[in-house]
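Naming convention: chains lettered A, B, ... in sequence-line order (proteins, then strands); numbering from 1 in each chain.
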Amino acid sequence: MIRTRFAPSPTGYLHVGGARTALFNWLFARKYGGEFVLRIEDTDQVRSTAESAAGILADLQWLGLDWDRGPVPGDAKNDYFQSMRLDIYNEYLNQLLQSGAAYEAYETPAQLAAMRARAEKEKRPFRYRKNMPGRASPGAGPSVLRFEMPYETVEFNDLILGPISVGGDEHDDIVIRKSDGFPTYHFAVVVDDHLMGISHVLRAQEHLMNTPKHLGLYRALGWTPPQHAHMPLVFNMDNTKMSKRDKSKAARHAVQMRLKQDASLTIDSLAAKMGIASASLQAFVQQKMDDPAITGALAGALNLQLPEIDVQDFRRSGYLADALLNFIALIGWSPGENREMLTRDELRSLFSLEGIGKTNGRFDRKKLLWMNGEYIRQADDQKLLKAIESFNLVTEYPLKQASAKVLIDLIGMYRERMGTLAEMAENSRFFFGPPVYEPKAIKKYLATEADIAHLRQIAAILREIPTPWDAASLAGPMESIIALGDKRGAAAQILRVAVSGGAVSPPLLETLVLLGKDVTMQRLKELEGMVQAKPPV
RNA sequence: GCCCUCAUCGUCUAGAGGCCUAGGACACGGGCUUUUCACGCCUGUAACUGGGGUUCGAAUCCCCAUGAGGGCACCA
């Protein structure tokens with residue numbers, strides 16, 4: 001039976017790279033009627049948090065990647081958290097100790113660092129081996145357990161990359177039990193993959209060099225290893241690795257720009273505005289730390305658009321789960337036949353390891369944006385309504401106040417003209433409150449006395465419309481308004497500015513209907529007052 | 001530095017020796033449509049990293065060079 005797993009460590013949010021790994025494992029299991037296991041690798045006691053684990057679960061659920069075995073959302077830790085399996089690891093750790101395959105080592109981290117530094121200075125690779133000279137002898141300090149890796153070439157057939165071979169003197173004796181008694185990743189992963197019956201390990205290529213070590217462990221334990229497949233990595237467009245630090249990097253860059261541009265802005269005043277100690281902000285700006293909380297606060301204070309990295313970033317930016325999944329699947333995998341818009345079912349039936357390429361890909365946000373727009377345009381009202389409700393759960397736009405009925409109206413107006421739900425949320429603000437008049441638009445469309453005369457004529461035309469104020473009753477008057485200008489459309493822009501505040505909005509007819517007569521007339525009047533009080537030069 | 005891996009348009013990719021004057025999509029340019037912005041439609045620019053082989057024939061196979069990426073933790 002095919003059984004795959006996704007095994008994140010709960011040290012942060014689920015980022016798109018992890019989501020892709022999860023997706024491929026999920027697709028592979030689902031395609032062949034196998035099982036998909038989710039396991040939380042929380043063997044790093046310092047960095048792992050329960051909130052992070054819960055967040056990863058929530059993100060996977062939002063993506064619709066369901067697991068057959070694993071943690072139960074909302075429940076306490078179960079067997080699929082490695083921190084709950086210490087007894088199991090200890091049993092096998094003892095087995096290796098007794099068989100002589102593992103041994104204790106006593107170096108402190110500082111000693112190891114010194115040994116590495118010396119090796120580097122002498123221009124030779126550092127490998128910790130049992131028979132190397134200068135090993136520390138048992139002392140008062142805690143010890144770790146290391147696995148004695150045989151001095152043999154390890155060969156295996158990677159299902160994506162083909163035959164891989166690593167020479168015997170490249171190995172070193174990895175730590176398998178840390179001094180805090182927890183197993184290391186290398187050990188826990190082998191034990192769990194075996195015990196959980198994982199048949200295929202599909203993971204990112206950054207793990208390729210771990211595989212020989214894991215294979216050594218399988219052999220020492222007397223187990224048959226699973227098949228391995230290492231997928232190409234995903235990078236930013238500038239070829240840097242996509243990482244959560246991209247967000248702090250962008251925030252830091254923005255702060256430095258603003259400080260340069262705006263002399264009145266200082267670290268102190270900014271920190272005060274953000275409600276944090278200026279020493280913290282200082283440290284952040286000087287790259288001494290990358291606190292995500294500061295990054296977030298900075299984005300709020302400076303109104304920044306940070307690059308989306310984590311799954312929840314994309315959710316908050318108004319990407320649809322299906323679109324994100326479809327897009328991510330296409331980085332490093334292709335179904336052939338020039339196909340790329342693929343439903344979840346198509347993805348599943350078309351997926352194969354053979355379709356996975358060997359070259360690293362770049363994350364092209366422009367294409368994702370296009371694809372998300374395609375998904376939005378193809379979705380029916382109900383589907384979009386659901387997506388918006390999900391979006392509203394994690395964002396704070398005025399759109400949040402809208403009833404389902406109003407949302408349906410807005411969907412009709414924005415479906416064709418939005419790339420993300422956030423664009424709709426942003427652009428539809430004027431439906432929920434007074435418009436913010438853009439000086440540029442006023443200057444362009446209400447520059448002359450003739451423009452202001454048109455504004456009054458528009459108001460006069462609209463005022464005469466009897467109830468009901470609807471598409472039918474507005475159609476004729478709208479034509480008259482358009483006919484007002486010498487250029488077709490010029491007068492319509494005046495009305496558009498009046499109701500929306502800017503030069504861009506959905507078609508006026510629908511816009512006016514949704515706004516209602518009272519609001520429309522009021523905004524017309526308000527704009528007239530504005531331009532009269534401050535006559536354009 | 002050492003080890004491993006990879007190499008087709010700016011980007012994602014199709015291509016498994018002749019179907020390739022290298023196909024599709026995004027992005028970009030031009031045009032049409034249009035009450036704004038979009039959407040839509042038509043259309044254009046654009047790639048086999050280089051050098052050696054193998055073969056009647058190479059984007060496809062082999063070697064070397066170059067370039068890119070990954071790994072070298074008591075992180076996963």
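- Of the residues in residues 175-184 of chain A, A:Val175, A:Lys178, A:Ser179 come within less than 4.0 Å of RNA chain B through at least one heavy atom, sorted by number.
- The stretch residues 331-339 of chain A touches RNA chain B through A:Ile331, A:Gly332, A:Ser334, A:Asn338, each having a heavy atom within less than 4.0 Å of the strand.
- Residue contacts shown for A:Arg365 are absent, as no nucleic acid heavy atom lies under 4.0 Å away.
- Using a cutoff of 4.0 Å between basic side-chain nitrogens and carboxylate oxygens, A:Asp172 and A:Lys130 are not scored as salt-bridged.
- Of the candidates B:C4, B:C74, B:U11, B:C74 carries the atom nearest the A:Pro109 side chain, counting heavy atoms from C-beta on.
- Pairing for B:C41 goes to B:G31, judged as Watson-Crick or G-U wobble with the two contacts each under 3.5 Å.
- Residues A:Asp192 and A:Tyr89 have side chains that bring a donor and an acceptor to within less than 3.5 angstrom of each other.
- Aromatic ring centres of A:His207 and A:His230 lie farther apart than the 6.0 Å criterion allows.
- Pair assignment for B:U60 gives none, since no Watson-Crick or G-U wobble pairing has each distance under 3.5 Å.
- For A:Asp79, the side-chain contact (heavy atoms from CB on, under 4.5 Å) criterion is met by A:Arg85, not counting sequence neighbours.
- Within the nucleic acid shown, A:Phe235 comes within 4.0 Å of sugar-phosphate atoms alone, with no base atom in reach, counting heavy atoms only.
- Ring centers of A:Tyr185 and A:His214: under 6.0 Å apart, within the cut-off.
- Counting non-hydrogen atoms of neighbouring residues, nucleotides and ligands closer than 6.0 angstrom, the CZ atom of A:Arg245 reaches no more than 12 such neighbours.
- With both ends at atom C1', the span from B:U54 to B:G18 equals 16 Å, rounded to whole Å.
- Residues of residues 39-46 of chain A having a heavy atom closer than 4.0 Å to RNA chain B, listed by number: A:Glu41, A:Thr43, A:Asp44.
- Base pairing annotation: B:G17 forms no Watson-Crick or G-U wobble pair, as no partner gives both donor-acceptor distances under 3.5 Å.
- A cation-pi geometry, defined here as NZ or CZ lying under 6.0 Å from the six-membered ring centre and within 45° of its normal, holds between A:Arg146 and A:Tyr128.
- At a cut-off of 3.5 Å, with distance as the only test, no side-chain donor of A:Asn236 or A:Arg362 sits close to an acceptor on the other residue.
- Of all nucleotides present, only B:U5 satisfies the Watson-Crick or G-U wobble test against B:A68, with each distance under 3.5 Å.
- Side chains of A:Asp42 and A:Ser48: no donor on one and acceptor on the other come within 3.5 Å.
- Across the C1' atoms, B:G23 and B:C75 are found 44 Å apart, a figure rounded to whole Å.
- For A:Trp333 and A:Phe351, the ring centers are positioned less than 6.0 Å apart.
- Counting to the nearest Å, the P atom of B:C74 and the CD atom of A:Glu107 are 10 Å from each other.
- Using a 4.0 Å heavy-atom criterion, one finds that A:Thr11 contacts no nucleic acid atom at all.
- Spacing of P atoms, B:A65 relative to B:C9, comes out at 23 Å, to the nearest Å.
- Put simply, NE2 on A:His207 is 10 Å from C1' on B:C75, counting in whole angstrom units.
- Residue A:Gln305 places its CD atom among 12 or fewer non-hydrogen atoms of other residues, nucleotides or ligands, all under 6.0 Å distant.
- Pair assignment for B:A22: none, as no Watson-Crick or G-U wobble contacts are both less than 3.5 Å.
- Mapped onto RNA chain B by nearest heavy atom, A:Leu368 and A:Lys213 fall at different nucleotides, with A:Leu368 at the one closer to the 5' end.
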Sugar-phosphate or base contact per nucleotide [nucleotides 36-45 of chain B; S, B, -; heavy atom under 4.0 Å]: BBBSS-----
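- When each of A:Arg20, A:Arg203, A:Gln205 is tested with A:Met231 by the rule side chain to side chain contact (heavy atoms under 4.5 Å, CB included), just one qualifies, namely A:Arg20.
- Nucleotides B:U13 and B:U21 place their P atoms 25 Å apart, quoted to the nearest Å.
- In this structure, A:Tyr128 atom OH and B:C3 atom P are separated by 24 Å, rounded to whole Å.
- B:A7 sits 12 Å from B:G50 when the C1' atoms are compared, rounded to a whole Å.
- Residues passing the side-chain contact (heavy atoms from CB on, under 4.5 Å) test with A:Ala101, sequence neighbours excluded: A:Leu96, A:Ser99, A:Phe147, A:Ala220.
- A donor-acceptor pair shorter than 3.5 Å can be found between the side chains of A:Tyr103 and A:Asp173.
- Side-chain atoms of A:Lys367 and base atoms of B:A27 include no donor and acceptor less than 3.5 Å apart.
- Using a 4.0 Å cut-off between a side-chain N of Lys or Arg and a carboxylate O of Asp or Glu, A:Asp44 and A:Arg47 qualify as a salt bridge.
- Not one side-chain nitrogen or oxygen of A:Arg124 sits closer than 4.0 Å to the OP1 or OP2 atom of B:G1.
- When atom types are taken as modelled, the side chain of A:Arg496 and the backbone of A:Pro506 share a donor-acceptor pair closer than 3.5 angstrom.
- Contact check, A:Arg47 against B:C75: no side-chain N or O comes under 4.0 Å of OP1 or OP2.
- A distance of about 24 Å separates the P atoms of B:U11 and B:C20, rounded to the whole Å.
- Take the nearest nucleotide of RNA chain B for A:Asn360 and for A:Val144: the residue whose nucleotide is more 5' is A:Asn360.
- Within the 4.0 Å cut-off from OP1 or OP2 of B:C3, not a single side-chain nitrogen or oxygen of A:Arg127 is found.
- Nucleic acid contact for A:Ile164: sugar-phosphate only, since backbone atoms but no base atoms lie under 4.0 Å from a heavy atom of the residue.
- Distance noted for atom C1' between B:A47 and B:A59: 10 Å (whole Å).
- In summary, A:Glu120 and A:Lys123 do not engage in a salt bridge, as defined by a charged side-chain N under 4.0 Å from a carboxylate O.
- The residue A:His230 sits apart from the nucleic acid: no heavy atom pair falls under 4.0 Å.
- The residue A:Leu161 sits close only to the backbone: its heavy atoms come under 4.0 Å of sugar-phosphate atoms, none of a base.
- If you take atom C1' in B:G53 and the same atom in B:G69, they sit 28 Å apart, rounded to whole Å.
- Contacts of A:Asn427 with the nucleic acid, taken as non-hydrogen atoms under 4.0 Å apart, are absent.
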